[in-house]
Peer 1: 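I have a structure I would like to understand better, so I am pasting it below and will then ask my questions one at a time.
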Amino acid sequence: MPELPEVETVARGLARVMEGARIAHVQLNRPDLRFPFPAGFAERLAGQRFEALGRRAKYILAHMSDGDILLMHLGMSGRFTIHEDGAEGRPGAFHHDVNTDGGTNDPHAHVVFTLENGVRVVYCDPRRFGMMDLFARSELPDHKLLKDLGIEPLGNELSGAFLNQALRTKQTPLKAALLDQRIVAGIGNIYACEALFRSGLSPRRLARTITSAGGATARSEHLAQTIRDVLSEAVAAGGSTLRDYVQTDGELGYFQHRFQVYDREGDPCVRPRCSGTVGRIVQSGRSTFFCPVCQR
DNA sequence: AGCTCGACCTGCACGC
DNA sequence: TGCGTGCAGGTCGAGC
């Protein structure tokens, strides 16, 4: 469940129970996810308090009381569930959880954080494309996975002028440029498709063709606005739920009901008076959904 | 340096 | 029913 709106939703859900809470115990059920857990991961976290949780791109960052940063990525299938009924073994408040042991019986429950107040936070990730790292705050600016990330699309930096500059020399298709985390960080396959549809721009068009030497163009301005709009609407909706629950409390995100092209191959274009049919092509190894009639 | 593509994993939906 | 195929919200790094 991993694009910016889903990660933001998860980070907020985790913040609600983690911020201010102290870790009693961390259980690792395997040595690695996408990468091995760093040496002493569980032992170093035990006893530390969560001071603040936030998001950068599709990463969740927890600032810990001993000055460490706990960095987490959900990959494609990572999920956190919160079990506030403690270790009693009762069926949880988390009603989507089919296990009565609070999720730890799930074969893909790889990490279990037990807080001193009895709350358990369980990380499940069937495909194990997610990752966790733990390092000193001083290493944050040069962290390998974070240092090359581009701007936050919901911050003040995203503008037509920014996109014009960033895409000015890009020979890659526009869709691929939106997926490039070094430019704008946090856009994934769904929201790239949706933003391009809203902006009326073809995913196949070379990125530099929406720019000009003179500065922002109408197209770059429009794209900046549609990126901002679609992501902020999705955050407000609690993200999108595709194949499973999104939020830490088991609530469903509902932005998927507002997809206009994603996963709608063969549907008529929703744009009024457009006669097009949503098509699907493969770019950068990923499905792109778009209307070949009104996206030019 | 810029760009494309395969690799990493499991699960599920589909057609035969 | 069972099996093979293709697909899934990401991204790292090899190779051109």
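Sequence lines set the chain letters: A, B, ... in the order given, protein chains first and strands last, and positions in each chain run from 1.
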Peer 1: Under 4.0 Å, counting only non-hydrogen atoms across every strand here, what does A:Pro173 touch: a base, just sugar-phosphate, or nothing?
Peer 2: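 The residue A:Pro173 makes sugar-phosphate contact but no base contact.
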Peer 1: With the threshold set at 4.0 Å, does a side-chain nitrogen-carboxylate oxygen contact exist between A:Arg55 and A:Glu152?
Peer 2: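 A:Glu152 and A:Arg55: salt-bridged.
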Peer 1: Is the side chain of A:Arg120 donor-acceptor paired with the backbone N or O of A:Val112 at a distance under 3.5 Å, no angle test?
Peer 2: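 Answer holds: no.
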Peer 1: What orientation do A:Tyr123 and A:His110 show, parallel under 30°, tilted 30 to 60°, or perpendicular over 60°?
Peer 2: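 A:Tyr123 and A:His110: tilted rings.
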Peer 1: Please report the distance, rounded to the nearest Å, between CG in A:Leu4 and P in C:dG10.
Peer 2: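 It is 11 Å, rounded to the nearest whole Å.
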Peer 1: Just to be sure I understand the rule, does A:Arg182 reach a base, reach only the sugar-phosphate, or reach nothing, if contact means heavy atoms closer than 4.0 Å?
Peer 2: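 Here A:Arg182 touches no strand at all.
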Peer 1: Atom CD1 of A:Ile281 and atom C1' of C:dC7: how far apart are they, to the nearest Å?
Peer 2: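 Spelled out: CD1 on A:Ile281 to C1' on C:dC7 is 17 Å.
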Peer 1: Applying a 4.0 Å non-hydrogen cut-off, can you work out what A:Leu179 is touching in the nucleic acid: base, sugar-phosphate, or nothing?
Peer 2: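 Nothing: the residue A:Leu179, judged by heavy atoms under 4.0 Å, touches no strand.
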Peer 1: Keeping A:Ser77 on the side-chain end and A:Arg127 on the backbone end, is there a donor-acceptor pair under 3.5 Å?
Peer 2: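 Here the side-chain-to-backbone pair exists.
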Peer 1: Rounded off to whole Å, could you give me the CG-to-P distance for the A:Leu242 and C:dG9 pair?
Peer 2: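 It works out to 8 Å between those atoms.
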Peer 1: Would you mind telling me which of C:dT11, B:dC9, C:dG9 lies closest to the side-chain atoms of A:Glu3?
Peer 2: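 For the A:Glu3 side chain, the nearest candidate turns out to be C:dG9.
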Peer 1: Can you tell which of B:dT10, C:dG9, C:dA8 lies closest to the side chain of A:Arg79?
Peer 2: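 Looking only at side-chain atoms, A:Arg79 lies closest to C:dG9.
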Peer 1: Between A:Phe129 and C:dT11, do the rings stack, that is, sit under 5.5 Å apart with planes less than 30° off each other?
Peer 2: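 A:Phe129 vs C:dT11: stacking no.
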Peer 1: Between B:dG11 and C:dC12, how far is it from one C1' atom to the other, in whole Å?
Peer 2: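 Those two atoms are separated by 23 Å.
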Peer 1: Is there a side-chain polar atom (N or O) of A:Arg128 under 4.0 Å from OP1 or OP2 of B:dT10?
Peer 2: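 A:Arg128 to B:dT10 OP1/OP2: side-chain N or O found under 4.0 Å.
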Peer 1: Could you tell me how far B:dC5 sits from C:dC7 if I compare only their P atoms? Round to whole Å.
Peer 2: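 Rounded to whole Å, the distance is 15 Å.
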Peer 1: Counting only side-chain heavy atoms from C-beta out, which of C:dG10, B:dT4, C:dC7 sits nearest to A:Thr172?
Peer 2: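 For the A:Thr172 side chain, the nearest candidate turns out to be B:dT4.
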Peer 1: Do side-chain atoms of A:Asn189 reach the backbone of A:Ser287 as a donor and acceptor pair under 3.5 angstrom?
Peer 2: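 Yes, because the side chain of A:Asn189 sits within donor-acceptor range (under 3.5 Å) of the backbone of A:Ser287.
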Peer 1: Between A:Phe290 and A:Tyr262, is there a shared hydrophobic cluster once you connect ILVMFWY residues whose side-chain heavy atoms come closer than 4.5 Å?
Peer 2: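 They do not share one cluster, since no chain of ILVMFWY contacts under 4.5 Å joins A:Phe290 to A:Tyr262.
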Peer 1: Please give the distance between the P atoms of B:dC9 and C:dA14 as a whole number of Å.
Peer 2: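 B:dC9 and C:dA14 have their P atoms separated by 16 Å.
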Peer 1: When you group the ILVMFWY residues by side-chain heavy-atom contacts below 4.5 Å and let the links chain together, are A:Leu4 and A:Tyr59 in the same group?
Peer 2: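 Cluster IDs for A:Tyr59 and A:Leu4 differ.
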Peer 1: Find the distance A:Lys175:NZ to B:dC3:C1' and express it as a whole number of Å.
Peer 2: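 My rounded result for the distance is 16 Å.
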Peer 1: Taking the same atom, P, in C:dG6 and in B:dG6, what whole-Å distance lies between them?
Peer 2: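 After rounding to an integer number of Å, I get 14 Å for this pair.
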Peer 1: When the distance from CZ of A:Phe259 to C1' of C:dG9 is rounded to whole Å, what number comes out?
Peer 2: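 Atom-to-atom, A:Phe259 to C:dG9, this comes out as 8 Å.
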Peer 1: What is the nucleic acid contact for A:Ser287, judged by heavy atoms within less than 4.0 Å: base, sugar-phosphate only, or nothing?
Peer 2: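 Sugar-phosphate contact only - A:Ser287 comes under 4.0 Å of backbone atoms but never of a base.
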Peer 1: Does a side-chain N or O from A:His73 land closer than 4.0 Å to OP1 or OP2 of C:dG10, or not?
Peer 2: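 Answer no for this pair, as no side-chain N or O of A:His73 is under 4.0 Å from OP1 or OP2.
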Peer 1: For A:Arg264 and C:dC7, what is the distance between atoms CZ and P respectively, to the nearest whole Å?
Peer 2: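 Taking CZ of A:Arg264 and P of C:dC7, I get 20 Å after rounding.
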Peer 1: So what does A:Gly285 hit on the nucleic acid, given a heavy-atom distance under 4.0 Å: a base, only sugar-phosphate, or nothing?
Peer 2: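 Nothing, no heavy atom under 4.0 Å.
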Peer 1: If you only use heavy atoms from C-beta on, which nucleotide in B:dT4, C:dC12, C:dG10 is closest to the side chain of A:Tyr59?
Peer 2: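 Per side-chain heavy atoms of A:Tyr59, the pick is C:dC12.
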Peer 1: Could you please name the partner base of B:dC9, counting Watson-Crick and G-U wobble pairs only when both distances are under 3.5 Å?
Peer 2: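 Because no pair has both required distances under 3.5 Å, B:dC9 counts as unpaired.
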Peer 1: Under the 3.5 Å rule, do the base of C:dT11 and the side chain of A:Arg34 count as making a donor-acceptor pair?
Peer 2: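 Looking at the base of C:dT11, it does pair with a donor or acceptor on the side chain of A:Arg34 (distance under 3.5 Å).
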Peer 1: Identify which nucleotide among C:dT11, C:dA8, B:dG11 has an atom closest to any side-chain atom of A:Lys58, counting heavy atoms from C-beta outward.
Peer 2: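 For the A:Lys58 side chain, the nearest candidate turns out to be C:dT11.
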Peer 1: Would one find a side-chain N or O of A:His108 under 4.0 angstrom from OP1 or OP2 of B:dG11?
Peer 2: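 Yes, because at least one side-chain N or O of A:His108 sits under 4.0 Å from OP1 or OP2 of B:dG11.
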Peer 1: Of the options C:dC12, C:dG9, C:dG10, whose atoms approach the side-chain atoms of A:Glu6 most closely?
Peer 2: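 Selected nucleotide (nearest to the side chain): C:dG9.
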Peer 1: For the base of C:dA8, is there a side-chain donor-acceptor partner from A:Arg127 under 3.5 Å away?
Peer 2: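 A donor-acceptor contact between them is present.
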Peer 1: Starting from C1' on B:dG2, measure out to CG on A:Asp180 and report it in whole angstrom.
Peer 2: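 These atoms are roughly 10 Å apart.
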Peer 1: Does A:Lys170 have a side-chain nitrogen or oxygen under 4.0 Å from the phosphate oxygens OP1 or OP2 of B:dC3?
Peer 2: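 Yes.
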Peer 1: CG of A:Asp106 versus P of B:dT10: gap in Å, rounded?
Peer 2: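 Rounding to the nearest Å, CG of A:Asp106 and P of B:dT10 are 13 Å apart.
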